[in-house]
Amino acid sequence: MLLVLFGARQWHRRPKDPSQGRLPKWMAAIDRLTPVKVFGLGLGLGLALALALAALNAKNAPLTIAAAASIGSAGLSVGQEITSPTIFVLIATLGLLAPLGVYMVGGERAKTTLGDWKDWPAQHNVAVMAVLFFVIGLKLLGDGIGILTS
């Protein structure tokens, strides 16, 4: 319920003019990262995301454990056992790898595209976070009601 209220509060405090939006400090710091650091950050965030999803929602932990058990008991080669979670991490890091790829392929021309990509979250950050908090809060509230009624 607290997340729902926090989301509503964020929504009402968002700038009415999106051009007045600002990037959070952590997001603005990304401009100073090298491609190697971005790749490492992406891999780390992918692993952290997997762990956070399992920890935040008790229903995800059994699914993650079942997937790991399936991979472990499938008689896969060592290479296939390593490849499966690696593919998951790569998919989870696409949000960081896509801009890195645009930069690597486009060079100087990519600055305009990446600048546009950066401007959008800066202009809509508060609204996105408000909706995110609101949706997560409603999900947790629904789960709580489901537990209480069963």
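Here, residue 1 is the first one in the sequence, and each next residue gets the next number.
Cluster membership check: Val126 does not share its hydrophobic cluster with Val131, using side-chain heavy-atom separations under 4.5 Å among Ile, Leu, Val, Met, Phe, Trp and Tyr. Using a 4.5 Å cut-off between side-chain heavy atoms of Ile, Leu, Val, Met, Phe, Trp and Tyr, with links allowed through other members, Trp117 and Leu100 fall into the same hydrophobic cluster.
The side-chain contact (heavy atoms from CB on, under 4.5 Å) test applied to Leu138 returns Val4, Phe134, not counting sequence neighbours. For Ala8, there are no side-chain contact (heavy atoms from CB on, under 4.5 Å) partners, not counting sequence neighbours. Under the side chain to side chain donor-acceptor pair (under 3.5 Å) criterion, Lys37 pairs with no residue, sequence neighbours left out. In this structure, the side-chain contact (heavy atoms from CB on, under 4.5 Å) partners of Phe133, at least two apart in sequence or on a different chain, are Leu3, Phe6, Gln10, Met129.
Scanning all heavy atoms of the two residues, the minimum distance from Val102 to Ala110 falls at O-CB, 3.4 Å.
The salt bridge (Lys or Arg N to Asp or Glu O under 4.0 Å) analysis of residues 99-109, with sequence neighbours excluded, yields the pairs Glu108-Lys111.
Leu148 forms part of no hydrophobic cluster, judged by ILVMFWY side-chain heavy-atom separations under 4.5 Å. Alongside Trp120, the hydrophobic cluster contains Val128 (criterion: ILVMFWY side chains under 4.5 Å).
In this structure, CG on Leu114 lies 11.0 Å from CG on Asp119, to the nearest 0.5 angstrom.
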